[in-house]
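Here's the structure we're looking at; comments come further down.
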Amino acid sequence: MAYNDKKILEVLLGELKAVPDRCDGYQDELAELLGDVLQAEREHAIARTNVVKKIGDQVNTVAMFLHRTRAKEGGDQAE
Amino acid sequence: MKLLRVRVENFRLLKDIQIEFAVETASNLTVIRAANESGKTTLLMALQWGLFGDEALPDRGRNFRLSPMDAATGTRTSVNVSVEVDYEVPTKTGPRRYRLLRYVTETVKGGEFERGSANVKLFQLNATGTPPVDNPEAHIRPHLPRELREVFFTDGDRALSFIEGNRGDQMKRVEGAIRSLLGLGVVEEALAHTRKVSAELNQKVRADAGTQRELKTVSEKLSALQEQTPELERQHKEAKDARLKLEDFAEEADRRLSDALRKGNREELEAERKKAAAGKIAAEKDAGQAARDHANLFKSILLGKALLAEPFEKAKAVLDKLHEQGKIPGETIPVLDDRLNQPLCICGESLDPNDPEGQQRRAKIQKLIDDSRASDAIQEKVTALYYGARDLLRPIEGDGWSGEFSAVFERRQRANKRHRDLGEQEAAIDAKIAALPDVDIQQLKATRDRYREQAKDAHGKEIKYAGFLDSNTKDIDAAEDLRKKLLQHDERGAKISAELEVAHDLQQILSNALETMKTTELHKVGESMNTLFLDMIGADPSQRSIIARAEITPDFRIVVFGRFDNPLDPSQDLNGASRRALTIAFILALTKVSEVEAPNVIDTPLGMMSGYVKREVLRLAAEQSSQLILFLTHSEIAGCEDILDERAGRIYTLTNPAHYPKILVNDPGVNDIGVLLCDCDHRDHCEQCERREERRESEAVAVEA
C-alpha cells in the first residue's frame with residue numbers, strides 16, 4: 001500500500017525534459033534534486049520537519065553546481 | 001505491500017482468529033466465506049484497526065466497544081484486545097517483513113467499558129529473529145498511508161460513495177482517492193514549499209540590493225506578486241468550488257422539481273380536474289338526451305311498423321288487390337244516381353219511367369245502387385284505410401326501428417362510458433392532488449433558477465481569477481527576467497541568480513507534473529476504468545449496448561454515457577450490479593495506473609450481482625489486484641466456484657454458533673458469543689459450518705441421483 005514514488009518520479013522526470021539544460025550536467029542534478037525533494041516531503045508528512053529549509057539547501061546545492069559550471073565554462077571559453 | 005497474516009484476539013465477535021493470506025501471483029485471492037452476522041465486517045474492521053488505529057473505527061472509536069459483548073457480564077474485568085498483522089514491503093534489496101501488534105485493555109462490566117490508550121509495536125521479521133523497530137508509528141506510515149485506507153479497505157456499499165450522494169461529496173471522494181494514489185498531494189506540497197524557497201531567496205535579494213535601486217524595486221515587486229499568487233489561487237479555487245456546489249444545488253433542485261412534476265403540478269392538476277368535471281356534466285346531459293330518445297323510440301310508428309310488419313304486409317297485399325280491382329276507391333253509386341236522372345242509359349237504351357222497358361232498366365239500376373249501398377260502409381273504410389295507412393304500409397327505409405334503436409343505444413352507452421371515464425379521471429386526479437407533497441412548483445423553479453444564476457456568477461468569478469492568475473504569472477516571469485539581468489553584475493548576485501533559476505525550474509517541473517497528473521494520468525485512470533467496467537458488465541458499444549462508456553471528468557466526477565452519447569446518472573440510471581461494478585472498476589483502475597502495490601480488501605463486493613456480471617467482476621478483480629482479500633457470503637460465491645478454484649490461494653469459513661439451530665445443522669457445542677473459524681473452502685463444509693441449506697441441497701442431489 002506504500003506510495004509509489006517511482007511512478008511520481010517518472011512523471012516529474014518526464015517534465016524535466018522541458019527545462020533548459022543551463023549547463024553541462026544540470027538536468028542530472030535537477031533529477032537528483034527532484035528525488036531529494038520527494039523524499040523530504042515524505043519525511044515531512046510523517047514527522048514534521050523544516051522542509052522549506054531542506055528544499056532551500058538542496059536548491060542551493062544545485063545552484064552552486066550551476067554557478068561553478070557556468071564560471072568554468074565561461075573561463076574555458078575565455079581561454 | 002502485501003498482507004501475510006492476521007491474528008485477532010478479543011475483538012468483538014472474534015475471540016481468537018488467525019488467518020493467513022494468499023500472496024502468490026497466480027493465486028492471489030483470499031476468501032473469507034461467512035453468512036451474514038458471522039464476523040466478516042468485524043474482521044475487516046479488526047484488520048483496519050490493527051493497521052491504522054482508532055481512526056478506522058466508527059466515530060473514530062468514541063463509545064465503540066472493542067471487547068466481546070459477553071465478557072464480564074457481572075464483575076468488573078479487564079480484557080486484552082489485540083490485533084497482530086504480518087506484512088511484507090518491497091525494498092531495493094528484496095521484500096522485507098514486519099509484524100505490527102496493536103493492543104489495548106478494556107475494563108468492562110456489563111454493558112459499560114473503559115478503554116485505555118492503544119499500544120503499537122513493530123517487529124522486523126528476519127532469519128535471525130524479530131527485532132523491535134523504534135518509533136513504530138512513524139515507521140509504518142510510509143507503508144500504510146492513512147489516506148489510502150478508504151481506497152483499499154472498503155465494502156460494496158461504501159465504495160458506491162464514489163458515484164452516489166451529493167455531487168460535491170462524490171467529487172471530493174473521487175478526487176481524494178486520485179490525489180492519494182497518484183501523489184497529487186505530495187507534488188502540491190512540494191510546489192508550495194518550493195515557492196516559499198523562491199520567496200525567501202527574493203527577500204535575500206532585496207536585503208542585499210543596497211544601493212541598487214532598480215534591483216530593490218524589482219525584487220519588491222516580485223515579493224508583492226508572489227504574495228498575491230496563493231491568495232489568487234485560493235480565490236480561484238473558492239470560486240470554482242462555489243460554482244460546483246451551486247451547480248450541485250441547482251441540479252438537486254432540478255431533480256426535486258422533476259420529481260414533483262412527475263407526481264404532478266398542483267395547478268395543472270386542478271385545471272385538469274375542472275376540465276374533467278365539465279366533460280362529465282356534458283356527458284351526463286348527452287346520456288340523459290339519449291335516454292329520452294331511447295324512451296321515445298318505444299312510442300314511435302316505427303316500432304309499430306316493426307312489430308306489425310307481417311300483418312301489415314298481408315293487409316297491404318289485400319288493399320293493393322282491391323285497388324287493382326277498382327274497388328278502391330268506391331265511385332259506382334254517384335254514377336248510377338246520376339244516370340237515373342238521365343233519360344238514357346250509358347248504353348244508349350231508354351230510361352224513361354213511363355216506358356215499361358225503361359222502367360225495368362231503372363229498377364235494375366236502382367237495385368245496383370241498393371246493392372252498392374250495402375257494401376258502401378265497408379268500402380269506405382277500406383278506401384280510407386288504403387289511403388290513410390299508406391305511410392304505415394310503405395316499406396321501411398334504412399335499418400328501421402332496430403337500426404335507430406341500435407344507434408340511440410350506442411349513443412347512450414358512449415355517453416355513459418364517457419361519463420364514467422371522466423368520473424374515474426376526476427377521482428384519479430383527486431387522488432394525485434391528495435398525494436402531492438406540499439411542494440410549491442413555482443418556488444422550486446425559482447430556487448433552481450436562482451442557483452443557476454448564482455453558479456453563473458461564480459463561474460464568472462472563476463474565469464476572472466483565472467485571468468488574474470495568468471497575469472500574475474506573466475508579471476512574475478517578466479520581473480524575474482529583469483532581476484536576473486540586474487543580478488549578473490557581481491559574483492554574489494550571480495550565485496543568488498543561480499539559486500533563483502534552480503528554484504524556478506523546480507517550480508516549473510512540479511507545476512507541469514501536477515498538470516500532467518490531473519490530465520494525462522487522470523485520463524489513463526478513466527480509460528482503464530472504462531475498459532474494466534464495460535468488460536465487467538458485458539457491454540459492447542459497437543453492439544448497441546445501453547451503456548456506451550464511462551469516464552472521469554477533469555473535475556473528478558465519474559460519469560457514464562449511454563447510446564448516442566447521452567449522459568446517464570450512475571446513481572439513478574444504472575442498476576445495482578452495474579453501480580458496484582463501476583466503483584470496483586474505478587478502484588482497480590486507480591491502483592493499476594498509480595502502480596501502488598497494495599491488497600484490495602473488500603467486504604461483500606458481489607452483493608446485488610448475479611450471472612455474468614458477478615463472475616466478471618470477481619475474475620477481473622483477481623486479475624488486476626496484486627493481492628485480493630474478499631469477504632463473501634455463500635450466495636455471492638454461488639456460480640463463481642470455478643473462478644475460486646483457479647484464483648483463490650486461501651479460503652476460510654467463519655461460523656457464528658448462535659446460528660444453531662435455525663441456520664446451522666449441528667450444535668457447535670459452545671456457549672460463549674464468538675465466531676468460529678475453519679478451513680472449509682467454497683465447495684466444502686464440516687460438522688461445524690454445515691448449514692441446513694447445504695444439507696437440503698445435498699439431499700436433493702441424492703434423491704435425484
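Proteins come first, then strands; the chains are lettered A, B, ... in the order of their sequence lines, and each starts at number 1. In this text the structure is predicted, and so the values were computed from the model without any measurement. Side-chain atoms are counted along with the backbone in the values below, which use heavy atoms only and exclude waters and symmetry mates.
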Best-contacting candidate, B:E137, B:H504, B:E521, against chain A by heavy atom pairs under 4.5 angstrom:
B:E521
Can you pull out the residues in residues 52-59 of chain A with any heavy atom less than 4.5 Å from chain B?
A:V52, A:I55, A:G56, A:V59
Does any backbone or side-chain atom of B:L182 lie under 4.5 Å from a heavy atom of chain A? Answer side chain, backbone, both or neither.
backbone
Between A:V37, A:L38, A:L66, which has the largest tally of heavy atom pairs under 4.5 Å with chain B?
A:L66
So, the part of B:E200 with a heavy atom under 4.5 Å from chain A: the answer is side chain
Cut-off 4.5 Å, heavy atoms of chain B, and the answer for A:V62 is both
Quick one, A:V19 and B:L506 - any side-chain contact, counting heavy atoms below 4.5 Å?
no
Considering non-hydrogen atoms only, spot the tightest contact between B:A498 and A:H67 and give its length.
CB-CB, 4.2 Å
Quick one: does A:L33's side chain get under 4.5 Å of B:D505's, heavy atoms only?
no
Closest contact, heavy atoms only, B:I509 versus A:L12
CG2-O, 3.5 Å
Which residue pairs satisfy the ring pair (Phe, Tyr, Trp, His ring centres under 6.0 Å) criterion with at least one member in residues 17-37 of chain A, sequence neighbours excluded?
none
Residues of residues 186-196 of chain B within contact distance of chain A, non-hydrogen under 4.5 Å:
B:V186, B:V187, B:E189, B:A190, B:H193, B:T194, B:K196
Could you measure the distance from the CD atom of A:E15 to the CG atom of B:L514? Nearest 0.5 Å is fine.
9.5 Å
Say you draw a straight line from CG of A:N60 to NZ of B:K495; how long is it, rounded to the nearest 0.5 Å?
9.0 Å
Quick one: do B:M517 and A:I8 satisfy side-chain contact (heavy atoms from CB on, under 4.5 Å)? Show the steps, please.
CA-CA 9 Å; B:M517 286 171 169; A:I8 299 170; 3.6 Å; yes
Salt bridge (Lys or Arg N to Asp or Glu O under 4.0 Å) filter on B:E501, not counting sequence neighbours, yields A:R22, A:R70, B:K484
Is the number of heavy atoms from other residues, nucleotides or ligands under 6.0 Å of A:K7 NZ greater than 12?
yes
For B:E515, is it the side chain, the backbone, both, or neither that has a heavy atom closer than 4.5 Å to a heavy atom of chain A?
neither
Between atom CD of B:Q508 and atom CG of A:L30, what is the distance when rounded to the nearest 0.5 Å?
11.5 Å
